[in-house]
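Below: the structure, in structure tokens.
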There are 2 protein chains.
Amino acid sequence: MNEPSAKLTKQGIRAVAARAGVSTASVSRSLNNPEAVSPSLRARIAQAIDAVGYIPHAPARILSSRRSRTLGAIVPTIDNTMFARGIASLQKYLSSVGYMLFLTTSGYDLDVELQQARNLIGRGVDGLVLRGDCHHEGLRKLLADNAVPFINVGIYQPDRPYPCVGTNNEAAAHRAAAHVIELGHRKIGIVSALQRNNDRAGARVAGFRRALAESGLELPPEWHVEVPYTLDDAREAARHLLNLRDRPTAVVCGNDVIAYGVLLEAERSGFSVPRDLSVVGFDDLDWSRHLRPSLTTIHVPTDETWQRAGEYLVRSLAGEQTIMHREVDFSLVVRESTAPPPAILK
Amino acid sequence: MNEPSAKLTKQGIRAVAARAGVSTASVSRSLNNPEAVSPSLRARIAQAIDAVGYIPHAPARILSSRRSRTLGAIVPTIDNTMFARGIASLQKYLSSVGYMLFLTTSGYDLDVELQQARNLIGRGVDGLVLRGDCHHEGLRKLLADNAVPFINVGIYQPDRPYPCVGTNNEAAAHRAAAHVIELGHRKIGIVSALQRNNDRAGARVAGFRRALAESGLELPPEWHVEVPYTLDDAREAARHLLNLRDRPTAVVCGNDVIAYGVLLEAERSGFSVPRDLSVVGFDDLDWSRHLRPSLTTIHVPTDETWQRAGEYLVRSLAGEQTIMHREVDFSLVVRESTAPPPAILK
DNA sequence: GCGCCTTATGAAAACGGTTACATCCTAAGC
DNA sequence: GCTTAGGATGTAACCGTTTTCATAAGGCGC
């Protein structure tokens with residue numbers, strides 16, 4: 001008489017087990033390792049599962065198995081097309097292999113990043129996807145202490161002992177600057193993203209500068225401006241450059257959004273691109289090919305990069321041998337925003 | 001002699017307790033309810049905690065306390081400025097009140113949304129943030145069965161029995177259309193987002209149509225086009241409208257991205273905006289005020305909307321009484337892309 | 001028909017916290 | 001001085017799984 005009522009009070013896997021007349025072990029097995037249980041039992045259990053509307057309790061599962069099939073990712077901000085796309089791609093890949101993604105943001109603050117890492121580790125993530133290799137010094141120790149595998153995405157640094165996947169930003173930036181040099185420009189300005197806590201931005205600036213130096217070109221300090229990731233700031237920087245008595249004939253930018261700002265401001269100020277000014281971006285966001293003039297830029301395969309980051313961790317967790325440093329190819333996409341410099345000059 | 005080694009084998013909270021010479025209960029209390037433990041003990045425990053580098057294990061905590069201080073969110077896609085901003089805002093608010101966010105995407109697929117909801121519930125989220133009120137029928141039952149509070153964000157439907165926060169899309173769209181009607185336009189086209197599984201898009205179309213109908217204006221079928229959320233598709237739609245023998249003098253768009261597409265295509269096709277064609281957007285993304293011509297559009301306070309969604313759930317979970325249907329104000333922002341119709345017509 | 005190996009299943013001990021309850025101590029009330 | 005209320009701390013059961021280990025049930029060679 002009280003048998004049924006006892007059953008009714010049970011929760012979770014025990015309710016399923018009771019309903020199917022089996023042990024909890026069998027239910028667990030039929031979920032995690034179906035081949036290990038006989039077909040007849042499996043069917044009975046499957047039936048019981050949706051009879052009670054059973055949803056496995058992930059925290060309990062994680063607690064018991066010490067694996068979560070979940071990865072954590074810490075990006076500076078989600079409000080940036082590059083990261084949004086990357087995360088979307090990573091998430092898609094992970095869900096295709098039965099993993100989940102726990103996403104947090106650091107706002108370009110290394111302390112916050114460290115805190116979020118602690119948070120995610122406490123959450124039981126199996127691995128961590130980080131952006132770049134510019135981290136709080138405590139982070140590496142934290143990861144090592146807790147034996148959490150990780151990967152730095154968006155950069156390529158084969159000489160460092162940490163896994164990474166991304167394009168060689170320095171080389172790509174070099175290519176971008178080389179492009180305008182080949183067109184005949186000698187007066188080239190740089191508008192870069194903030195380099196602080198952003199190794200990617202730093203590598204790009206280094207690439208730009210190397211290209212200039214190799215061609216024996218000067219870079220007056222006032223021709224290099226750093227700006228945050230917003231259109232407004234980029235426009236202000238452009239205004240600065242365009243108002244100089246001696247102004248560059250070409251501007252290479254740290255990313256596409258900055259380039260958009262330069263493009264917009266040039267146009268508003270009565271300059272014609274590329275006639276009066278050549279502009280090169282970096283990233284090749286969707287907008288770049290739609291703008292008028294369309295933007296010459298460095299194409300970076302974001303989707304591929306982030307998916308590979310996921311692959312690396314998933315494979316590592318499965319115990320497979322994987323490539324620690326993976327380079328992702330970039331390419332220069334020449335569009336309408338670059339042309340030879342005005343003939344009148346020099 | 002083996003006392004110390006015994007201590008060394010302990011994990012987590014017990015290691016801390018042993019180190020501080022207290023019970024696990026006290027450690028737990030000093031973490032979750034610091035006032036309940038004496039200052040001296042608290043200090044000793046705090047010291048022990050970072051001596052062992054203790055990171056609380058969230059899954060265990062969730063399992064035991066049946067609360068996760070984590071909310072789940074399911075959005076169609078993260079790769080859309082509106083959602084990216086909203087999520088960023090929500091995340092920021094949640095972290096300020098000690099909550100975390102578990103984010104998943106549905107790709108506008110109701111089955112996937114349901115699956116993700118199941119997933120998140122299994123994950124132990126305390127509440128769910130959903131987009132709109134267009135869900136799989138099983139979703140409501142799932143939420144009710146598991147007593148998971150939720151809120152529909154981005155819409156305002158005071159007549160429905162579900163919590164929601166957002167702007168009145170129908171009214172806002174009506175306002176947008178009224179604007180061009182007031183300017184004197186009689187021939188108005190619509191380029192909307194796909195209405196399938198997207199009540200927001202549907203409401204906007206309804207608002208547009210009501211405004212037209214109230215002014216006795218016709219809407220020939222070929223003047224209403226639905227397109228996915230991409231610049232390319234919007235441009236194709238614009239091309240279609242502009243190539244019609246009898247074409248509209250104004251186009252109201254379901255969102256800003258669509259409007260950008262129309263703007264770009266009009267310009268590429270040799271039309272001048274707003275001289276030959278007026279264009280109205282919806283959302284007021286960052287780009288809208290930078291474009292040339294800048295875009296007349298409906299401003300929607302995305303950040304506020306999503307933050308309020310978080311507030312609603314957090315308050316509900318704290319047992320506070322909250323407003324079930326919250327309307328967020330929109331406003332028409334008139335910029336350069338709208339003007340009276342060409343005088344030559346009529 | 002008997003021992004033995006294999007395979008399917010069950011019983012029960014973790015996993016790392018929280019929390020109801022018990023206990024101890026101190027100080028206030030008489 | 002004795003009782004007692006109440007606050008600080010400890011004890012241990014429990015949260016819902018997984019997983020080790022034991023056990024039962026077949027299948028096989030002899």
Side-chain angles (χ1 to χ4, degrees), chain A residues 7 9-45 48-49 52-70 118-119 121-126 146-147, chain B residues 7-46 48-49 52-70 118-119 121-126 146-147:
Chain A
K7 280 181 187 178
T9 64
K10 288 183 184 159
Q11 294 295 324
I13 204 173
R14 295 185 225 265
V16 176
R19 176 113 187 181
V22 301
S23 72
T24 62
S26 293
V27 177
S28 176
R29 271 191 287 260
S30 97
L31 249 34
N32 302 308
N33 192 13
E35 313 82 47
V37 64
S38 71
S40 65
L41 245 202
R42 210 185 307 165
R44 221 160 80 226
I45 289 172
I49 281 180
V52 296
Y54 170 65
I55 301 178
H57 193 264
R61 201 202 280 248
I62 295 168
L63 178 59
S64 182
S65 70
R66 279 94 163 284
R67 278 174 301 113
S68 63
R69 289 189 77 80
T70 298
R118 219 188 304 271
N119 203 331
I121 291 173
R123 231 67 200 191
V125 298
D126 294 338
N146 294 81
Chain B
K7 281 181 187 178
L8 282 177
T9 65
K10 287 182 184 159
Q11 293 296 324
I13 204 173
R14 299 189 218 260
V16 176
R19 175 116 188 180
V22 301
S23 73
T24 62
S26 294
V27 178
S28 175
R29 272 191 286 261
S30 97
L31 249 35
N32 302 309
N33 191 16
E35 314 82 48
V37 64
S38 72
S40 66
L41 244 202
R42 211 184 308 166
R44 222 163 78 229
I45 289 171
I49 281 179
V52 293
Y54 170 64
I55 301 177
H57 193 263
R61 203 202 283 248
I62 295 168
L63 178 59
S64 180
S65 69
R66 280 92 161 283
R67 279 175 300 111
S68 63
R69 290 189 77 80
T70 299
R118 216 188 306 270
N119 204 332
I121 291 174
R123 231 69 200 190
V125 298
D126 294 338
N146 295 81

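Order of the sequence lines fixes the chain letters, A, B, ..., with proteins taken first and strands second; residue numbering starts at 1 for each chain. Everything numeric here is computed off the predicted structure, so don't read it as measured data.
Checked by atom type and distance alone, the side chain of Arg44(A) pairs as donor or acceptor with a backbone atom of Ala20(A) at under 3.5 Å. Between the side chain of Thr70(B) and the backbone N or O of Val125(B) there is no donor-acceptor pair closer than 3.5 Å. Under a 3.5 Å cut-off, the side chain of Ser40(A) and the backbone N or O of Ser38(A) do not form any donor-acceptor pair.
For the OP1/OP2 pair of dG16(D) and a distance below 4.0 Å, the side-chain nitrogens and oxygens of Tyr54(A) include no atom meeting the criterion. Listed pair Ser65(A) / dT17(D) fails the phosphate criterion, with no side-chain N or O lying under 4.0 Å from OP1 or OP2.
What you find for Pro59(B) and Gly122(A) is that their closest heavy atoms are CD-O, 3.4 Å. Of all the heavy atoms in Arg67(B) and Asp126(B), the pair that sits closest is CA-OD1, 3.7 Å.
Rounded to a whole Å, the CD atom of Gln11(B) is 10 Å from the C1' atom of dG16(C). Leu31(B) places its CG atom 9 Å from the P atom of dG17(C), with the value rounded to the nearest Å. One can place CD1 of Ile13(A) at 14 Å from P of dC15(D), the figure rounded to the nearest angstrom. In this structure, Asn33(A) atom CG and dT17(D) atom C1' are separated by 15 Å, rounded to whole Å. Across the protein-nucleic acid pair, Arg66(B) atom CZ and dC14(D) atom P stand 12 Å apart, rounded to whole Å. Counting to the nearest Å, the C1' atom of dG17(C) and the CZ atom of Arg67(B) are 13 Å from each other.
Residues from residues 55-64 of chain B lying near DNA chain D, meaning a heavy-atom separation below 4.0 Å, are Leu63(B), Ser64(B) in numerical order. If you check residues 34-44 of chain B against DNA chain C, you find no residue with a heavy atom closer than 4.0 Å.
Of the listed nucleotides (dG17(C), dT9(D), dC15(C)), dT9(D) has the atom at the smallest distance from the side chain of Ser26(B).
For Ser30(A), there are no side chain to side chain donor-acceptor pair (under 3.5 Å) partners, not counting sequence neighbours. Not counting sequence neighbours, the partners of Ser26(A) by the side chain to side chain contact (heavy atoms under 4.5 Å, CB included) test are Val22(A), Ser23(A), Arg29(A), Leu41(A), Ile45(A). Scanning for side chain to side chain donor-acceptor pair (under 3.5 Å) contacts around Thr24(B) gives an empty result, with sequence neighbours left out. Judged as a side chain to side chain donor-acceptor pair (under 3.5 Å), and not counting sequence neighbours, Ser64(B) has no contacts. Under the side chain to side chain contact (heavy atoms under 4.5 Å, CB included) criterion, Asn32(B) pairs with Ser28(B), Arg61(B), sequence neighbours left out. Residues passing the side chain to side chain contact (heavy atoms under 4.5 Å, CB included) test with Arg66(B), sequence neighbours excluded: none. In terms of the side chain to side chain contact (heavy atoms under 4.5 Å, CB included) criterion, residue partners of Asn119(A) (sequence neighbours excluded) are, by chain and number, Gln116(A), Arg123(A), Met100(B).
Taking CD1 of Ile49(B) as the reference point, atom CG of Leu31(B) lies at 4.5 Å (rounded to 0.5 Å). With values rounded to the nearest 0.5 angstrom, Arg118(A) atom CZ is found 13.0 Å from Tyr54(B) atom OH.
An end-to-end axis angle of 40° holds for the helix from dG1(C)-dC30(D) to dC30(C)-dG1(D), taken from five base pairs per end and rounded to 10°.
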For nucleotides 20-26 of chain C, list the nitrogen or oxygen atoms of the protein found under 3.5 Å from its nitrogen or oxygen atoms, one pair per line.
none

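Contact annotation for Ser28(B): base contact, defined as any heavy-atom pair under 4.0 Å involving a base atom.
Across the interface with DNA chain C, nearest-nucleotide mapping of Val22(A) and Arg14(A) shows Val22(A) to be the residue nearer the 5′ end.
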